[in-house]
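Data block below; observations after.
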Amino acid sequence: MNIWIAIGVTVLGCYAVKLAGLLVPAGVLERPLVRRLAALLPVALLAALTAQQAFSEGRSLVLDARAAGLAAAAVALMLRAPFLLVIGAAVVVTAGVRALGG
C-alpha cells in the first residue's frame, strides 16, 4: 500500500470521526451515562498508555527502572505532592535504579 494512500485514508477517517462527534444530538450528550463515560475515558486511555510504556519492550513485558520510577510517582501522588515533585521523584528513582544496574 502506498504511503500516501494510507495517509489519505487516515485523514478521511479522522475527519469522519470529528464529523460524527458534531452530529450527535445534544440530548444524547446530556445523559448521565454518557457524561460519566466522557469523564472517565481519557483517564483510562492515559492509564493504558502509561502502563504500555512502563511495562513493555517490544512484544514482551518487563520490570525495569521505568516501573520503579512509576511506583515512585504513584507514591508521591498518594502523598499529594506537587506535580513537579512527582515528576522529579520518578526521574530520580529511574536514574538511580539504572545507575545501580537495574
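Model, not experiment: these values are computed from the prediction. Residue numbers run from 1 in the order of the sequence given.
Among all heavy-atom pairs drawn from Val97 and Ala68, the shortest one is CG2-CB, 3.8 Å. Ala76 and Ala89 make their closest contact through CB-CB, 4.5 Å (heavy atoms, listed as atom of the first residue, atom of the second, distance). Nearest heavy atoms, Val93 versus Gly69: CG1-N, 4.0 Å.
In this structure, the separation between CG on Leu46 and CG on Leu41 is 11.5 Å, given to the nearest 0.5 Å. In this structure, CG on Leu85 lies 9.5 Å from CG on Leu79, to the nearest 0.5 angstrom.
For Arg66 (side chain) and Phe55 (main-chain N/O), no donor-acceptor pair under 3.5 Å exists by modelled atom type.
Counting heavy atoms of neighbouring residues, nucleotides and ligands inside a 6.0 Å radius, atom CG of Leu63 does not exceed 12 of them.
Sorted by first and then second residue, the salt bridge (Lys or Arg N to Asp or Glu O under 4.0 Å) pairs with a member in residues 13-30 read Glu30-Arg35; sequence neighbours excluded. Listed by first and then second residue, the salt bridge (Lys or Arg N to Asp or Glu O under 4.0 Å) pairs that reach into residues 42-52 come to none, sequence neighbours excluded.
You'll find the side chain of Glu57 stays beyond 4.5 Å of the side chain of Leu61, heavy atoms only.
The side-chain hydrogen bond (donor to acceptor under 3.5 Å, both in side chains) search around Ser56 returns Gln52, not counting sequence neighbours.
Following chains of ILVMFWY side-chain contacts shorter than 4.5 Å, one cannot reach Ile5 starting from Leu12, and the two form parts of different hydrophobic clusters. A single hydrophobic cluster is not seen to contain both Val17 and Tyr15; linkage of ILVMFWY side chains at heavy-atom distances under 4.5 Å, directly or through other members, places them apart.
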